[in-house]
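Both counts, for ligands and for their atoms, begin at 1 and track the order of listing.
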Amino acid sequence: MTKKFNFDVTATDGRARTGVISTPRGEIRTPAFMPVGTAATVKAMLPESVRATGADILLGNTYHLMLRPTAERIARLGGLHRFMNWDRPILTDSGGFQVMSLAGLRKLTEEGVTFKSHIDGSRHALTPERSMEIQALLGSDIVMAFDECTPFPSDEATARRSMELSMRWARRSREAFGDRPGHALFGIQQGSVYRDQRQESADKLREIGFDGYAIGGLAVGEGQATMFEVLEYAPAMLPEDRPRYLMGVGKPDDIVGAVERGIDMMDCVLPSRSGRTGQAFTRFGVVNIRNARHQDDPRPLDEHCTCPACRNYSRAYLHHVNRAQEIIASMLLTWHNLHYFQELMQGLRDAIAEGRLAAFVSDFHARRAEGDI
Ligand SMILES: CNc1nc2c(CCNC[C@]34C[C@H]5C[C@H](C[C@H](C5)C3)C4)c3nc(N)[nH]c(=O)c3cc2[nH]1
């Protein structure tokens with residue numbers, strides 16, 4: 001196993017790339033979709049099942065774990081990999097994004113953010129230094145710089161103040177991270193939807209120097225068209241020999257569009273969260289299994305799919321256990337959705353490697369009905 005962190009691009013097709021990120025805990029095939037393990041678990045899935053869907057890496061959650069059971073306790077117990085029985089790479093976000101969306105009584109200063117725990121009301125502080133310490137205690141392989149996700153919409157002046165704060169925090173994150181062979185620190189570009197600010201942010205991150213570069217501040221309500229407008233120019237502002245990670249994306253068609261525009265890594269709660277609500281993603285579009293029209297349907301969700309839900313169960317059964325709120329409903333639909341997302345990524349990687357991405361993308365869109373099927 002390599003002791004270092006490396007990224008090798010093995011083929012390109014237009015702006016799209018396919019490659020491999022090598023880490024001491026294993027390789028990550030890109031473009032990669034990273035399932036989300038919110039509180040040290042990918043909900044309704046065993047780690048070996050997550051691996052069976054084809055995932056090479058998953059996301060941990062600094063904000064939740066720092067509150068409960070605390071990063072110090074997880075470190076005492078051997079780190080997050082041991083704790084959650086996942087021995088492959090883990091990427092952890094820096095916590096700021098969640099503070100802004102979950103915590104109460106937040107106070108943001110140059111130093112960082114103080115907030116009240118949404119669990120027990122206790123007060124906490126997150127700074128670049130504390131975020132680096134927490135992510136080191138968790139033992140994550142890819143650490144995210146501590147940033148502020150600029151809200152959307154923001155006027156230019158607000159976006160600039162936010163981006164410049166994040167860049168000062170990026171430098172503090174880099175300094176606090178230190179030199180940890182085999183571990184990577186990713187910087188996060190901000191600048192909202194303003195091209196000049198995106199360029200300044202990219203230049204600042206490049207000057208500081210990171211192992212990978214994330215595009216932050218998107219998938220925050222701007223809509224797909226605006227997100228794609230930013231992705232027409234933002235990825236190319238980042239070093240081409242380093243992984244580019246688009247945070248929080250997304251629906252299958254968001255993923256395809258992002259990969260076409262040069263993105264290598266993505267994460268989203270969608271496949272797992274929607275699986276628990278009865279939404280199944282298929283190559284033909286979304287099936288809402290709660291709909292009464294499925295109650296007598298003996299067919300699988302997707303007869304081309306090889307996941308356990310599609311191999312062994314009918315839509316009628318999935319409809320029934322979902323309506324009855326049986327635990328197996330969450331297990332089967334989560335497994336199916338994560339399997340579908342990983343199969344989509346494998347299709348993209350193969351298409352780029354064989355120089356036929358355009359055909360893959362037009363076939364992807366042609367198959368999909370609008371709305372529920
Ligand atoms: C959805 N759109 C979106 N997400 C975003 C995230 C979080 C990425 N997912 C990690 C996360 C977030 C939550 C939910 C799960 C587990 C854990 C807590 C880590 C994924 C972001 N994170 C940071 N640090 N900065 C951003 O600008 C940003 C923008 C986003 N836009």
Side-chain angles (χ1 to χ4, degrees), residues 32-43 45 50 55 57-68 71 80 84 86 90-103 108 112-113 118-119 126-128 131-132 134-135 138 140 142-152 154 159 162-163 165-167 169-170 173 185-193 197-198 201-202 205 210 212-224 226-227 230-231 234 238 244-251 254-255 258 263 265-274 276 334 338 341:
F33 178 79
M34 304 183 284
V36 163
T38 301
T41 155
V42 177
K43 292 183 179 11
M45 297 284 286
V50 175
I57 176 173
L58 55 80
L59 249 72
N61 179 350
T62 299
Y63 171 77
H64 274 263
L65 296 173
M66 71 181 276
L67 299 178
R68 180 178 58 190
L80 185 55
M84 69 181 291
W86 171 266
I90 292 176
L91 181 151
T92 47
D93 198 357
S94 41
F97 178 78
Q98 275 228 297
V99 168
M100 300 323 275
S101 52
L102 270 186
L108 186 127
V113 185
H118 73 290
I119 295 171
L126 258 183
T127 64
S131 177
M132 294 304 108
I134 290 169
Q135 296 182 73
L138 296 176
S140 71
I142 301 179
V143 169
M144 300 309 293
F146 186 70
D147 68 328
E148 182 194 34
C149 173
T150 306
F152 179 85
S154 288
S162 173
M163 180 271 285
L165 175 63
S166 285
M167 295 305 101
W169 283 356
S173 298
L185 176 65
F186 280 24
I188 306 176
Q189 184 199 47
Q190 294 292 342
S192 188
V193 296
Q197 296 187 32
R198 285 277 171 188
S201 178
L205 293 178
F210 289 93
Y213 295 82
I215 294 178
L218 291 179
V220 285
E222 75 281 1
Q224 187 184 76
T226 303
M227 180 174 79
V230 175
L231 292 180
L238 303 171
R244 295 162 178 162
Y245 165 24
L246 176 59
M247 305 189 85
V249 172
K251 299 192 302 334
D254 296 332
I255 288 173
I263 296 298
M265 299 162 74
M266 285 155 284
D267 83 278
C268 191
V269 296
L270 187 65
S272 31
R273 186 174 291 170
S274 59
R276 295 195 301 279
T334 300
L338 291 177
F341 271 58

Can you tell which part of [X] has a heavy atom less than 4.0 Å from ligand 1: side chain, backbone, both or neither?
X	answer
Asp147	side chain
Met144	neither
Ser94	side chain
Thr150	neither
Thr62	neither
Gln98	side chain

For ligand 1, is Gln190 a contact, meaning one of its heavy atoms is under 4.0 Å away?
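Contact check Gln190 vs ligand 1: positive.
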
Give the atom numbers and elements of ligand 1 that come within less than 4.0 Å of a heavy atom of [X].
X	value
Gly216	26 (C), 27 (O)
Leu59	10 (C), 20 (C)
Ile188	24 (N)
Asn61	16 (C), 17 (C), 18 (C)
Gly217	26 (C), 27 (O), 29 (C)

Counting heavy atoms only, which of Asp93, Leu246, Val249 comes nearest to atom 7 (C) of ligand 1?
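Minimum heavy-atom distance to atom 7 (C) of ligand 1 goes to Asp93.
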
If you take the nearest heavy atom of each of Asp267, Leu91, Val36, which one is closest to atom 16 (C) of ligand 1?
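Shortest heavy-atom distance from atom 16 (C) of ligand 1: Val36.
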
Below 4.5 Å, heavy atoms only, C-beta onward: do [X] and [Y] meet side chain to side chain?
X	Y	result
Tyr245	Met34	yes
Ile90	Leu58	yes
Leu65	Thr92	no
Arg273	Val36	no
Glu148	Val113	no

Please write down residue, atom name and distance for the protein heavy atom closest to [atom].
atom	value
atom 2 (N) of ligand 1	Ala219 O, 2.8 Å
atom 1 (C) of ligand 1	Gly248 O, 3.4 Å
atom 28 (C) of ligand 1	Phe97 CD1, 3.8 Å
atom 14 (C) of ligand 1	Val269 CG1, 3.9 Å
atom 31 (N) of ligand 1	Leu218 O, 2.8 Å

Might you point out which heavy atoms bring Met167 and Leu205 nearest each other, and give the distance in Å?
SD-CD2, 3.7 Å

Ring geometry between His118 and His64 (parallel below 30°, tilted from 30 to 60°, perpendicular above 60°):
perpendicular

Do Ser201 and Gln197 have side-chain N/O donor and acceptor atoms under 3.5 Å apart?
no

Any side-chain donor near an acceptor of the partner, Asn61 and Gln98, under 3.5 Å
yes

What pairs with Val193 under side chain to side chain contact (heavy atoms under 4.5 Å, CB included), at least two apart in sequence or on another chain?
Phe152, Thr226, Val230

Decide yes or no on side-chain contact (heavy atoms from CB on, under 4.5 Å) for Asp267 and Met265, but give the supporting numbers first.
CA-CA 7 Å; Asp267 83 278; Met265 299 162 74; over 6 Å; no

Identify, with sequence neighbours excluded, every residue that meets ring pair (Phe, Tyr, Trp, His ring centres under 6.0 Å) alongside Phe186.
none

